[in-house]
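All figures in this text were calculated on a predicted structure; none of them were measured in a lab. Only heavy atoms go into these numbers, but all of them, side chains included; no hydrogens, no water, no symmetry mates.
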Amino acid sequence: MNQESSLPATPEQDENKLIAERREKLKALREIQAAGGPVAFPNDFKPQDRAAALLAAHNPTSKEQFDADIAAGKTISASIAGRMMLKRVMGKASFATVQDATGRLQIYVTRDAVGEAAYDAFKHWDLGDIVAAEGYLFKTRTGELSLHATHIRLLTKSLRPLPDKFHGMQDQEQKYRQRYVDLIMDESARERFAVRGKLLSAMRAFMTRNSFLEVETPMLHPIPGGANAKPFITHHNALDQQMFLRIAPELYLKRLIVGGFERVFEINRSFRNEGISVRHNPEFTMMEWYAAYWNYRDMMDFSEQLLCDMARHVAGSLHLTYQGRAVDLSRPFARMTIREAIHAYTEAGAHVDDPAWLISNLKKLGLTEEKDQLSTRSLAALQVLYFEETVEEQLWDPTFIMEHPTEISPLARANDARPEVTERFEIYITGREMVNGFSELNDAEDQAARFAAQANAKDAGDDEAMYYDADFVRALEYGMPPTSGGGIGLDRLMMLLTDSPSIRDVILFPALRREG
């Protein structure tokens, strides 16, 4: 005997066998169709009911009331369609559980009610098949609302077996790669992404109530701008020129402020060709908004209102829990400068203004002179690095961090009293940046000088520095009113509102290395 044949089958071999069996069943369905029978993949059934609505409307009715009504000929008709998730075949009567987009409902199938041919076919259907059932509602002996089927149909033959019903998908990467299976098996995953839709709707409603106009700007840019980030590069064949996927919509939205729209917002997809982590995905969703005649303090107040409104509408409370730890949005958000935050959360003390001490301690934290060019950075830039390395992750409850250095904020207005810093803020929650905003720079000559400095940095090897955008400078030369803008990452906000540990948990199809 072949030694290999005595070895137990691997999971892959078992699955391949099941797939082969299902393909044979589909082959038989195609042969029936070819002989003039029902089509293998019908598309003429339209369910009249949804599982959740039926349960909400009729679950409160007692079994005794159902039995009395049925005996009197007063039945409640229903028709549903969905994926068969459970099946119990018991002689001439069987039970199955059908899952639609709203939930699950049990169906009761008998040979007498649906006919011998349909019942025999039903016994060969597999878990995962898309089925349709029509009949009337009743309650079983255990009190479970069920549909007594009088007609059943197979709508779609599933060729791949579902994961084990008790364990679901255990491999996290497989969940990300095969999100469609994750959504089939995990009700919490479906609920999480339903929350995302609710968040987008609530955000649009909030902006509209505050007189902001939703607009759309290009995703393909001739010059990448709006943030310090490395872009994705492509080629436009018709124009025969290099193009960049949007890293931020900022410069186009501010062009609209120049054009006369005083309040605009855009919920947009942006792309940054950078690292992947639990809080970073190269393709992400953000909202940016701009208001004429506001400054950064107006924008701070508005951003706090926005976050609180989203928490109320989506999570139902300003008291959240993230990864087992409370997050309180009910109190006014703390406000402090970068220097004040370093004083409050570290033991730097007077050394916060000592470049040599900061460089020494940044090296101890793992930053290198060659990579990070520490000795060439200004005091303010060193303070930002030290803040990022030591303070950021400690900012659990909502905290405004203000007055970022001018040299790293090329689009923000400088503070009139302290031009080395800008009228800029970031909101941190659970140690992560949620919102970035500032008073916009509307001095065309100052903006041109900042772009030039960024271009020089890019020439010196900083691939995240901005390009010189001559058209945006030209727009500012026509005059932009005093303006403030803000941006919020919806994926990170979703992580907070759904208590998700990774950004991949809130993105339906996150970026992954190609299989094979």
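Between Val506 and Leu497 there is no side-chain heavy-atom pair separated by less than 4.5 Å. Looking only at side-chain heavy atoms (C-beta outward), Gln178 and Asp182 stay at 4.5 Å or farther from each other. Contact check for Leu512 versus Arg504: side-chain heavy atoms found under the 4.5 Å cut-off. Using a 4.5 Å heavy-atom threshold, the side chains of Ile427 and Glu433 count as separate. Proximity of Met185 to Lys175: side-chain heavy atoms (C-beta onward) are nowhere separated by under 4.5 Å. Side-chain contact between Pro282 and Ile276 is present, with heavy atoms from C-beta onward closer than 4.5 Å. Residues Pro501 and Val278 are not in side-chain contact: their nearest non-hydrogen atoms beyond the backbone lie 4.5 Å or more apart. When side chains are defined from C-beta on, Ile19 counts as touching Pro161, because their heavy atoms get closer than 4.5 Å.
Of all the heavy atoms in Ser270 and Met286, the pair that sits closest is OG-SD, 3.5 Å. Taking both residues in full, the closest heavy atoms of Ser277 and Ile503 are given as O-CG2, 3.6 Å, listed atom of the first, atom of the second, then distance. In plain terms, the two heavy atoms of Val258 and Ala475 that are nearest each other are CG1-O, 3.5 Å. Residues Leu251 and Gly225 share a closest heavy-atom pair of CD1-CA, 4.0 Å. In plain terms, the two heavy atoms of Pro42 and Arg153 that are nearest each other are CB-NH2, 3.3 Å. Minimum heavy-atom separation, Ala202 to Met310: O-CE, 3.5 Å.
A donor-acceptor pair under 3.5 Å links the side-chain atoms of Asp100 to the main chain of Ala51, judged by distance alone. Of the possible polar contacts, none joining the Glu283 side chain to the Arg269 backbone as a donor-acceptor pair under 3.5 Å is found. With hydrogens and angles ignored, the 3.5 Å screen pairs no side-chain donor or acceptor of Asn268 with any backbone N or O of Ala248. A donor-acceptor pair is defined here as one N or O able to donate and one able to accept, closer than 3.5 Å; such a pair exists between the side chain of Gln447 and the backbone of Pro410. Asn237 places no side-chain N or O within donor-acceptor distance of the main-chain N or O of Asp240, the cut-off being under 3.5 Å. The backbone N or O of Tyr296 lies less than 3.5 Å from a partner atom in the side chain of Ser439, making a donor-acceptor pair. A donor-acceptor pair under 3.5 Å is formed between the side chain of Arg246 and the backbone N or O of Thr217. Of the possible polar contacts, one joining the Asn442 side chain to the Met480 backbone as a donor-acceptor pair under 3.5 Å is found. Of the possible polar contacts, one joining the Thr406 side chain to the Pro419 backbone as a donor-acceptor pair under 3.5 Å is found. Side-chain N or O atoms of Asn210 include one that pairs as donor or acceptor with a backbone N or O of Phe206 at under 3.5 Å.
Counting non-hydrogen atoms of other residues, nucleotides and ligands closer than 6.0 Å to CD of Gln241 gives a total above 12. Within 6.0 Å of atom CD in Glu187, 12 or fewer heavy atoms from other residues, nucleotides or ligands are found, so the atom counts as exposed in its surroundings. Summarising the local packing, CG of Asp459 is surrounded by more than 12 heavy atoms from other residues, nucleotides or ligands at distances under 6.0 Å. No more than 12 heavy atoms of other residues, nucleotides or ligands shown are found within 6.0 angstrom of CZ on Arg513. Residue-environment remark: NZ (Lys230) stays at or below the threshold of 12 foreign heavy atoms within 6.0 Å.
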*List the steps, then state whether side-chain contact (heavy atoms from CB on, under 4.5 Å) holds for Gln172 with Asp505.*
CA-CA 9 Å; Gln172 193 64 48; Asp505 296 325; 3.5 Å; yes
*Check the pair Arg263, Trp289 against side-chain contact (heavy atoms from CB on, under 4.5 Å), reporting the backbone distance first and the verdict last.*
CA-CA 7 Å; Arg263 294 189 184 186; Trp289 66 99; over 6 Å; no
*Report the C-alpha distance between Glu304 and Phe400 in whole Å, list the side-chain angles of each, state the deciding distance to 0.1 Å, and finish with yes or no for side-chain contact (heavy atoms from CB on, under 4.5 Å).*
CA-CA 9 Å; Glu304 184 168 344; Phe400 286 100; 3.5 Å; yes
*Working for side-chain contact (heavy atoms from CB on, under 4.5 Å), residues Leu490 and Met203*: CA-CA 10 Å; Leu490 269 66; Met203 192 164 279; 3.8 Å; yes
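A donor-acceptor contact under 3.5 angstrom links the side chains of Arg196 and Thr285, judged on distance only. For Gln454 and Asn228, the side-chain atoms include at least one donor-acceptor pair closer than 3.5 Å. Of the N and O atoms on the side chains of Asp353 and Gln383, at least one donor lies less than 3.5 Å from an acceptor on the other residue.
Note on ring orientation: taking the six-membered ring where Trp is involved, the planes of Phe387 and Tyr428 are perpendicular (angle over 60°, cut-offs 30° and 60°).
A side chain to side chain contact (heavy atoms under 4.5 Å, CB included) with Lys254 is found for one member of Leu411, Thr483, Val264 and no other, namely Leu411. Each of Glu403, Arg424, His404 was compared with Ser409 under the side chain to side chain donor-acceptor pair (under 3.5 Å) criterion, and only Arg424 meets it. In summary, of the residues considered (Phe212, Phe265, Phe425), a ring pair (Phe, Tyr, Trp, His ring centres under 6.0 Å) with Phe302 occurs for Phe212 alone. In summary, of the residues considered (Phe244, Phe451, Phe472), a ring pair (Phe, Tyr, Trp, His ring centres under 6.0 Å) with Tyr467 occurs for Phe244 alone.
Distance CD/Glu426 to CZ/Arg432: 15.0 Å, rounded to 0.5 Å. Interatomic distance, Leu320 CG to Asp499 CG, rounded to the nearest 0.5 Å: 9.0 Å. The structure places CD of Glu214 at 8.0 Å from CD of Glu266, a figure rounded to the nearest 0.5 Å. Between atom CD of residue Gln323 and atom OG of residue Ser500 there is a gap of 8.0 Å, rounded to the nearest 0.5 Å. Taking CD of Glu420 as the reference point, atom CZ of Arg418 lies at 5.0 Å (rounded to 0.5 Å). Residue Ile359 holds its CD1 atom at 10.0 Å from CG of Leu385, rounded to the nearest 0.5 Å.
Ion pairing between a basic and an acidic side chain is recognised when a charged N comes within 4.0 Å of a carboxylate O; Arg83 and Asp129 show no such pairing. Between Arg450 and Asp446 a salt bridge is recorded (basic side-chain N to carboxylate O distance below 4.0 Å). With respect to the salt-bridge test (charged N to carboxylate O, under 4.0 angstrom), the residues Asp126 and Lys157 qualify.
Annotation: cation-pi pair Arg255/Tyr252 present, NZ/CZ under 6.0 Å from the ring centroid and within 45° of its normal.
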